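Reviewing the structure listed below.
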Amino acid sequence: MPLKPIAPAARAAFGRRLRAWYRRNHRDLPWRKTRDPYRVLVSELMLQQTQVSRVLEFYARFIERFPTMQHLADARPKRVMESWEGLGYYARARNLHKLARHVTREGGPGALPSEPTELRKLPGIGAYTAGAVASFAYEKRAALVDTNVARVLSRVFAPKLNPKRPRDLKKLWVIAEQTLPRTGKTAWTQNQALMELGALVCTARLKRCDECPLARMCKSAE
DNA sequence: TTCCAGGGAT
DNA sequence: ATCCCTGGAA
């Protein structure tokens with residue numbers, strides 16, 4: 001079942017409205033002010049499992065204790081786990097530590113790769129986080145789809161798709177790639193905007209279509 | 001008080 | 001397909 005390509009005009013309108021909305025409505029979050037791949041990674045891993053409000057404190061404390069990949073790599077497992085205490089999903093803290101030790105190993109620069117395919121080889125990094133680091137840290141022109149993005153894209157372009165079904169999720173990745181702006185810099189903003197819209201307006205429980213910049217072109221707007 | 005969201009590993 | 005863990009919505 002081939003996926004109908006999105007009309008260029010719709011694509012352009014989608015991006016412009018989305019980004020314009022973002023500029024006016026986005027929250028001011030610390031990980032949006034940095035391009036440090038390490039910080040972006042830490043924030044993404046924490047955000048996978050916790051609300052923004054809660055991540056804020058943990059993120060600040062974590063970065064204070066482990067300011068760089070090298071600091072984290074040098075730390076004792078116990079201290080890393082203590083810093084994660086209360087966030088849950090502790091396997092991810094272990095993966096993060098493992099990752100830090102891996103990329104700094106034997107004189108390694110402690111740098112993360114910038115390509116999603118390379119990032120995905122690292123422990124704890126799946127398709128979403130790979131895209132997030134590539135886009136948010138390196139400003140690569142990379143797609144990223146988490147459940148927020150999947151929900152927004154399906155509602156706007158393909159209401160028949162069910163993001164929970166793996167087969168449909170693949171199609172949503174295709175849509176995400178099709179709607180990606182030309183430059184990495186603009187993609188950064190658009191990806192952030194997609195996530196923000198999913199978090200603030202087009203939420204799982206409530207569709208606040210009256211405040212949505214995409215309502216006019218949305219296939220499931222009310 | 002129950003129910004669900006949320007990436008990745010296995 | 002299941003598990004991991006917790007806050008917050010219903």
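Not measured: the values here are computed from a predicted model. Chain letters run A, B, ... following the sequence lines, proteins first, then strands; residues in each count from 1.
Counted within 6.0 Å of CD on Glu57(A), heavy atoms from surrounding residues, nucleotides or ligands total more than 12; the atom is thus considered enclosed.
With hydrogens and angles ignored, the 3.5 Å screen pairs a side-chain donor or acceptor of Arg101(A) with a backbone N or O of Ala73(A). The closest donor-acceptor contact from the side chain of Thr186(A) to the backbone of Arg182(A) lies at 3.5 Å or more, if one exists at all.
Backbone-only engagement by Thr129(A) is indicated by non-hydrogen atom pairs under 4.0 Å involving sugar-phosphate atoms exclusively. Leu45(A) comes within 4.0 angstrom of nothing in the nucleic acid, heavy atoms only. Within the nucleic acid shown, Tyr128(A) comes within 4.0 Å of sugar-phosphate atoms alone, with no base atom in reach, counting heavy atoms only.
For dG8(B), the base has no donor-acceptor partner in the side chain of Tyr89(A) [N/O atoms by modelled type, under 3.5 angstrom].
The two residues Val201(A) and Trp21(A) have their closest heavy-atom pair at CG2-CZ2, 3.7 Å.
Residue Arg54(A) places at least one side-chain N or O under 4.0 Å from the OP1 or OP2 atom of dG7(C). Contact between the side-chain N/O atoms of Lys164(A) and the OP1/OP2 oxygens of dA5(B) is found at a separation under 4.0 Å. Tyr90(A) has a side-chain polar atom (N or O) that falls below the 4.0 Å cut-off from OP1 or OP2 of dT6(C). Considering only side-chain N and O atoms, Asn148(A) lies under 4.0 angstrom from the phosphate OP1 or OP2 of dG6(B). Checking the phosphate oxygens (OP1, OP2) of dG6(B), a side-chain nitrogen or oxygen of Thr147(A) falls inside 4.0 Å.
Among dA5(B), dG8(C), dA9(B), the nucleotide with an atom closest to any side-chain atom of Ser53(A) is dG8(C).
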